[in-house]
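First the proteins, then the strands, lettered A, B, ... as listed; each starts at 1. What's counted below: heavy atoms across the whole structure, side chains too, no hydrogens, waters or symmetry copies.
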Number of protein chains: 2
Amino acid sequence: MTTRSTIKLADGRELNYYDAAPGAGREAYADRRRLPARPPAAQLRYDALRDEWVAVAAARQGRPLLPSTQHCPLCPTTDDNPTEIPAPSYEVAVFENRFPSFGGTIADGAVDDPLSPRRPATGRCEVVCFTPDHDASFARLEPARVRVVLDALADRVSCLSDMDDVEYLFCFENRGEEIGVTLHHPHGQIYGYPFVPPVAAQLLNAARSHRERTGANLFAEVLAAERAEGTRVVASNDRWTAFVPVAARWPFEVHLYPHERFADLAELPDDYRDAFGEVYLDVLRRFDCLFGSPLPYISGWYQAPVRADRDLAHTHLRLFSIRRAPSKLKYLAGSESAMGAFVNDVAPEEAARLLREAE
Amino acid sequence: MTTRSTIKLADGRELNYYDAAPGAGREAYADRRRLPARPPAAQLRYDALRDEWVAVAAARQGRPLLPSTQHCPLCPTTDDNPTEIPAPSYEVAVFENRFPSFGGTIADGAVDDPLSPRRPATGRCEVVCFTPDHDASFARLEPARVRVVLDALADRVSCLSDMDDVEYLFCFENRGEEIGVTLHHPHGQIYGYPFVPPVAAQLLNAARSHRERTGANLFAEVLAAERAEGTRVVASNDRWTAFVPVAARWPFEVHLYPHERFADLAELPDDYRDAFGEVYLDVLRRFDCLFGSPLPYISGWYQAPVRADRDLAHTHLRLFSIRRAPSKLKYLAGSESAMGAFVNDVAPEEAARLLREAE
C-alpha cells in the first residue's frame, strides 16, 4: 500500500514522497536551502496557422546542464549537497519543477491580439525521481519499486486533475543525452498542460471518428489486431501486451496496452498495476541489449484529458528510441520536423524481431 | 534565362542540369558507372490512430554516411571519382535520389487491411546540388546562383506537378550534422509526396477555417501583422519580408514571405525571383554570425498542394535552427516528440533582436 507524505520546499514548491509502507517519516526533514524566488511563468502563444499553442519559456535557458553526482539536485540531501529532496533517503519523490514550462509564478496577463492571443502558461510541471540511486536506470529497478512509481504517477494524476487550469496530464521519461536529458539521475516528468496537446487530440479525434463510423473503440481494435497478428508483439502477460505498431514512426518503437480500457492511470486497478512491471521492464531491458549500450528513449503515457473524452481514451504507454543502428541516430530532418511526414528506416516487423531476440 | 538540359543516369534515373545560359553542353557527358539496380520502393503504412501515412523505407539504411570529398557523390565527375553528376562541372544539378523515401522501383502491391492499409510509397525524391564547390554553403552563394537555384526549384515543381502520384512538393535543405545531414556537399532535396503532408494540411485547414469565418486570407493577415508590428522583422526588401513568427517553435526560426500571394514556386514572377536572394542570403548570413559557427538548420518552402487549395496557399519559406546557445541544442524530447506540444526557450522578440544585431 503506497503512502504519500508532503512537504513544502524552501521556495514554496510542493514535494511528495511515495513509500511502499507508511512510517518512513520523511516529512520531518525540512528544506534548509536559501532559494531565489521562482522565475515568472512561461507564456502561451497561439499559432494561428497551425491552430496550436506554443509555450515560450525564456527562464528555462538557465537550467542546470548535466551536473556531476556531487551536485545532483535529485539525489537525497547530504551535508555537502543540499538537494531538491531534503530527506537522507527516499523511494520515489515527486516535486514541482523549479524551471517549469507550465505553471509556477503567474505574473503577466493575457494579450488579446485577435491573430495571436497570448496568456500565461498556467498548468503544472513536476519531476518524478524513481530511485535515490544516481547511477541506476528504470530498466534496473525492482518490480516492487516500479509498482511504487506507478502508484505515485496514478496519485499525481488524481491530485492534479483537480487543478482548474490542468486539462491534460502527460507522465513521461526522457532518457539519454542524445535526446537532450539535462540530469542523469533516473527521473521522469509530469506535464500538466492547460490544453489538450496536439498528438493526444489527434488520437482522440481518430477514435471519435471511428466510433461514429463503426461504433467500436479504435484503441481496442488496434490492440486486438496486433495480438491476433502477433508478428510485431515483443512481450506480454495476461494483462498487458507490448508491440511495435504497424505504422511505427521511430526505428524502435513499442506501444504497451492494458487488455482492458482505463481512461487514465488513476483508474488502473491493483492487478494491472502489479502486472505492468514484468512487461515494461522486459521491454526496457531488450532496448538496452539491442546495441549493447543504454538506448536513448522517450517513454510516455497517453491518457484521457482531465475533462473530456473520458469514455474514448484507452490509457497506454508509448516507448521509442531515436537510435537506428549502433552508430546511427534517427534525426528529425526536413520531412519530419518541417512537414510532419515520417520516414522510418527500420521495418516494424524487423524491429519487433530484433527486440524479441535481444536478451 | 535559366535553361535545363536532361540526361539519364546509368540506372535510369533522371538528371537535370540548370544553367544561367544555354550552350553549356553538359548533356554530352554520359554516366559511365556500373550501378546496381535501384532498390525497391518504400511502403506507405496508414496509422489509424493518428490518421497519417508513414513511409517505411528499409532500403535507406544502407545509404552513405558523410563520405570524404574524394568520394563525394555530389561533386562533378573526375577520373578518380565518378559521381552522380557525369559532367566535369555544373551550376545547379538536380537528380532522382538513389535512396528515395518516395518513388523509385514500385514493386510490392497494396495490403487491404481495414485498420492499417499499406501501399507502395509512390511519389518522387530528388537531390538538388546548389554548386559544384564541395566546401561552399548556401549562405555564400552569389545572388545570381541563388536565382538559378530558385529557377531550378520552380521548374522541378512545374514538371513534377504533372506526375499522377505526386500530391505535394516540398523543396527543402537540411544543413549540419546536428540534424543528421549525411552528405556535406551543399545540397537540398525535393520530396514529391503522394499525399498532402500533415503540417501543410494543418496550415491549409487553418487558412480555410479563417476564410470561412472572415473572408480573408490568413497567410496575408499574418504577414501584414508582422510587418505592421515590426519587432520581429529580421530583414526585408520591397518584395520579401523575413520575420520570427510570434509563436515560434524553434529557438531561431524565420519565415520569409513574398508580399503577394503565389500558390507555388512555379508561379513566382521574375521580379520576385530576383529579389529573393538579397533577403534570404542576408538571413542565412545572420544565422551563421549568431554563434560564430555555421548554424545547423532546416529550410523549406510551403506551397499549395498540386491539386487542391491552390487559391488558399501563400507560398513562403520557413527556416529554423535547433541551436539555442553556442553549446546547447534544442532537443525534441517528450513534450515535442511524443505530444507535439512545443516549448521554446528563446523569446521570438529576443531571437529577432539577436538576428538583427548579428553582422
Side-chain angles (χ1 to χ4, degrees), chain A residues 42 45-51 54-58 60-61 65 101 115-116 170 172 174 179-180 189 191 193 197-200 202-203 205-206 218-219 221-222 225 245-249 298 300 318 324-325 328-329 331-335 337-348 350, chain B residues 42 45-51 54-58 60-61 65 101 115-116 170 172 174 179-180 189 191 193 197-200 202-203 205-206 218-219 221-222 225 245-249 298 300 318 324-325 328-329 331-335 337-348 350:
Chain A
R45 296 182 173 204
Y46 182 67
D47 178 353
L49 280 164
R50 291 189 60 176
D51 187 21
V54 173
V56 173
R60 278 163 47 92
Q61 276 275 54
L65 198 63
S101 301
L115 221 45
S116 58
F170 182 43
F172 64 101
N174 297 328
I179 53 152
Q189 297 184 67
Y191 270 29
Y193 297 102
V199 175
Q202 212 178 5
L203 303 185
N205 287 341
L218 181 58
F219 297 99
E221 295 207 338
V222 165
V246 62
R249 281 169 173 68
I298 294 171
R318 297 182 170 199
R324 64 182 173 95
K328 290 180 184 173
L329 297 181
Y331 292 92
L332 297 190
S335 188
S337 282
M339 277 296 163
F342 275 69
V343 179
N344 184 354
D345 294 337
V346 179
E350 174 70 0
Chain B
R45 296 181 173 203
Y46 181 67
D47 178 352
L49 280 165
R50 291 188 61 175
D51 187 21
V54 173
V56 173
R60 277 164 48 93
Q61 276 275 53
L65 197 64
S101 300
L115 221 44
S116 59
F170 182 43
F172 64 101
N174 297 329
I179 53 152
Q189 297 185 66
Y191 270 29
Y193 297 103
V199 175
Q202 211 178 6
L203 303 186
N205 287 340
L218 181 58
F219 297 99
E221 295 208 338
V222 164
V246 62
R249 281 169 173 67
I298 294 171
R318 296 181 172 201
R324 63 182 173 96
K328 291 180 184 174
L329 297 181
Y331 292 93
L332 297 190
S335 189
S337 282
M339 276 297 162
F342 275 68
V343 179
N344 184 353
D345 293 337
V346 179
E350 174 70 0

Nearest 0.5 Å, please: how far is CG in B:Asn205 from CG in A:Leu49?
11.5 Å

Partner chain A: residue of B:Ala341, B:Ala338, B:Ala206, B:Ser116 with the largest heavy-atom pair count (under 4.5 Å)
B:Ala338

Pick one of side chain, backbone, both or neither for A:Arg318, based on which atoms fall under 4.5 Å of a heavy atom in chain B.
side chain

Interface moiety of A:Leu115 toward chain B, non-hydrogen atoms closer than 4.5 Å:
side chain

Check whether any side-chain heavy atom of A:Met339 sits under 4.5 Å from a side-chain heavy atom of B:Tyr193, and report yes or no.
yes

What do the steps show when you test A:Arg45 against B:Asn344 for side-chain contact (heavy atoms from CB on, under 4.5 Å), and what is the final call?
CA-CA 10 Å; A:Arg45 296 182 173 204; B:Asn344 184 353; over 6 Å; no

Residue among [options] with most heavy-atom pairs under 4.5 Å to chain B:
options: A:Phe172, A:Tyr46, A:Phe170; answer: A:Phe170
options: A:Pro245, A:Ala347, A:Pro348, A:Ala225; answer: A:Pro348
options: A:Asp47, A:Val54, A:Val222; answer: A:Val54
options: A:Asn174, A:Val56, A:Val199, A:Ile179; answer: A:Val199

Determine the minimum heavy-atom distance between [X] and [Y], stating which atoms define it.
X: B:Ser101; Y: A:Val343; value: OG-CG1, 3.4 Å
X: B:Gly340; Y: A:Pro198; value: O-CG, 3.3 Å
X: B:Ile298; Y: A:Ser337; value: CD1-CB, 3.8 Å

